[in-house]
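Okay, structure first, notes after.
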Amino acid sequence: ENYSKQVKQRVSENFMYIHNLEERIPYTFSVRAQTIDYGPAAEGNVTTGPQPGSPGRPRDLLLSQSLSAVRLSWVNGNSGKGPILGYYIESRPKAKENWQLYLDEWKTEIRTDGGAVQDYTISYQNLDPMTTYYFRVIAYNEFGISVPCTSEETVETPSKVYLEYGYLQ
């Protein structure tokens, strides 16, 4: 299905960040300068997702819970044409109604920049209480991002009361 959306926005810099793009979708961007009138358009095509040289997909994502956090551990894929610079650790709440498969939006919990690692711990304090989550890990290097490695299992966060008082006893 073809979709087109035109957005006009004035910028004072020679760059602009675009957020909330769909994964693995080609986009065409067009830019025109304005002085007295508009100049000719410069166009560029971008496909979101992994690019040539991007790291390989992490695999075997496991979730383990403690009293105060969830630990994600995985096995790295190949580093691509450059070293792994870090990871996007993302979460998505599981749907609360049976007719919903899942909530579409993945939320980036953290973008690490410490190089190649194989685990990361997220405090329950950073997640909504009494919510069931899926997690995924995306590696990145200077060439782009990997295909996500998504957990098949879920984690349910404790209640707010537990978070405030429960594990302090």
Side-chain angles (χ1 to χ4, degrees), residues 1-63 70 72-95 97 99-120 122 126-128 131-155:
E1 179 179 321
N2 289 335
Y3 177 77
S4 177
K5 181 178 181 181
Q6 184 176 14
V7 177
K8 292 183 179 183
Q9 184 170 348
R10 290 181 185 264
V11 294
S12 58
E13 303 288 335
N14 62 352
F15 63 90
M16 182 175 166
Y17 291 108
I18 309 297
H19 300 279
N20 300 320
L21 299 176
E22 294 292 322
E23 293 179 20
R24 299 184 189 183
I25 302 290
Y27 289 90
T28 301
F29 294 94
S30 174
V31 178
R32 297 188 324 168
Q34 180 186 15
T35 52
I36 295 171
D37 201 4
Y38 287 103
E43 287 193 356
N45 296 317
V46 174
T47 299
T48 57
Q51 304 295 314
S54 293
R57 177 184 176 270
R59 63 184 193 280
D60 303 332
L61 177 59
L62 298 174
L63 308 178
V70 58
L72 289 72
S73 57
W74 61 89
V75 175
N76 284 317
N78 67 60
S79 64
K81 290 185 179 178
I84 293 173
L85 300 175
Y87 303 87
Y88 291 93
I89 309 295
E90 298 185 336
S91 68
R92 182 182 73 199
K94 183 178 178 183
E97 302 294 330
W99 56 268
Q100 295 174 310
L101 293 176
Y102 55 83
L103 301 177
D104 286 336
E105 300 268 333
W106 285 96
K107 176 187 173 200
T108 300
E109 296 294 338
I110 184 81
R111 178 183 183 265
T112 71
D113 59 7
V117 297
Q118 296 193 81
D119 64 69
Y120 190 81
I122 299 173
N126 296 331
L127 301 169
D128 291 334
T131 302
T132 302
Y133 284 95
Y134 290 99
F135 291 92
R136 70 181 187 178
V137 176
I138 302 168
Y140 71 90
N141 65 14
E142 65 183 296
F143 295 94
I145 63 170
S146 71
V147 172
C149 178
T150 305
S151 63
E152 293 184 18
E153 58 187 319
T154 58
V155 166

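Just so you know, residue 1 is the first one in the sequence shown, and it goes up from there.
Residues Tyr87 and Asn76 have side chains that bring a donor and an acceptor to within less than 3.5 angstrom of each other. Under 3.5 Å, the side chains of Arg92 and Tyr134 contain no donor-acceptor pair of N or O atoms.
Not one N or O on the side chain of Asn141 forms a donor-acceptor pair closer than 3.5 Å with the backbone of Gly80. Judged purely by atom type and a 3.5 angstrom limit, Thr154 has no side-chain atom pairing as donor or acceptor with the backbone of Thr132. Looking at Ser91, its side chain never comes within 3.5 Å of a backbone N or O of Phe135 through a donor-acceptor pair. A side-chain donor-acceptor contact under 3.5 Å links Tyr133 to the backbone of Asp128. A side-chain donor-acceptor contact under 3.5 Å links Arg57 to the backbone of Pro148. Using a distance-only test at 3.5 Å, with no hydrogens or angles considered, a donor-acceptor pair links the side chain of Gln51 to the main chain of Gly49.
Counting only heavy atoms from C-beta outward, the side chains of Leu61 and Leu72 approach each other to under 4.5 Å. With contacts defined as side-chain heavy-atom distances shorter than 4.5 Å, the pair Trp74/Asp60 does not qualify.
Note that Arg136 lies in the cation-pi zone of Trp106, set by a 6.0 Å cut-off to the ring centre and a 45° limit from the axis.
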**Prompt:** Would Ile89 and Val137 count as a side-chain contact (heavy atoms from CB on, under 4.5 Å) if you check the C-alpha gap in whole Å, the side-chain angles of each, and the deciding distance to 0.1 Å?
**Reply:** CA-CA 5 Å; Ile89 309 295; Val137 176; 3.9 Å; yes
**Asked** Where do Met16 and Gln9 land on the side-chain contact (heavy atoms from CB on, under 4.5 Å) test, with the steps shown first?
**Response** CA-CA 10 Å; Met16 182 175 166; Gln9 184 170 348; 3.0 Å; yes
**Prompt:** Stepwise, does the side-chain contact (heavy atoms from CB on, under 4.5 Å) test hold for Ser54 with Ile145?
**Reply:** CA-CA 5 Å; Ser54 293; Ile145 63 170; 5.6 Å; no
**Asked** Do Ile110 and Ile122 pass the side-chain contact (heavy atoms from CB on, under 4.5 Å) test, and can you show the C-alpha distance, the side-chain angles, and the key distance before you say yes or no?
**Response** CA-CA 9 Å; Ile110 184 81; Ile122 299 173; 5.6 Å; no
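Glu153 CD to Leu62 CG: the interatomic distance, rounded to the nearest 0.5 Å, is 6.0 Å. Within the model, atoms CZ of Arg111 and CG of Leu85 stand 8.0 Å from one another, a figure rounded to the nearest 0.5 Å. Atom CZ of Phe29 sits about 9.5 Å away from atom CG of Asn45, to the nearest 0.5 Å.
A pairwise comparison of heavy atoms in Pro93 and Thr131 identifies CB-CG2, 3.9 Å as the closest pair. The shortest non-hydrogen separation linking Pro50 to Ser146 is CG-C, 3.8 Å. Here the shortest heavy-atom pairing between Asn126 and Lys107 reads O-NZ, 4.4 Å. Closest non-hydrogen pair, Gly144 versus Pro55, comes out as O-CD, 3.5 Å. The heavy-atom pair separating Ser30 from Ala41 by the smallest distance is OG-CB, 3.5 Å.
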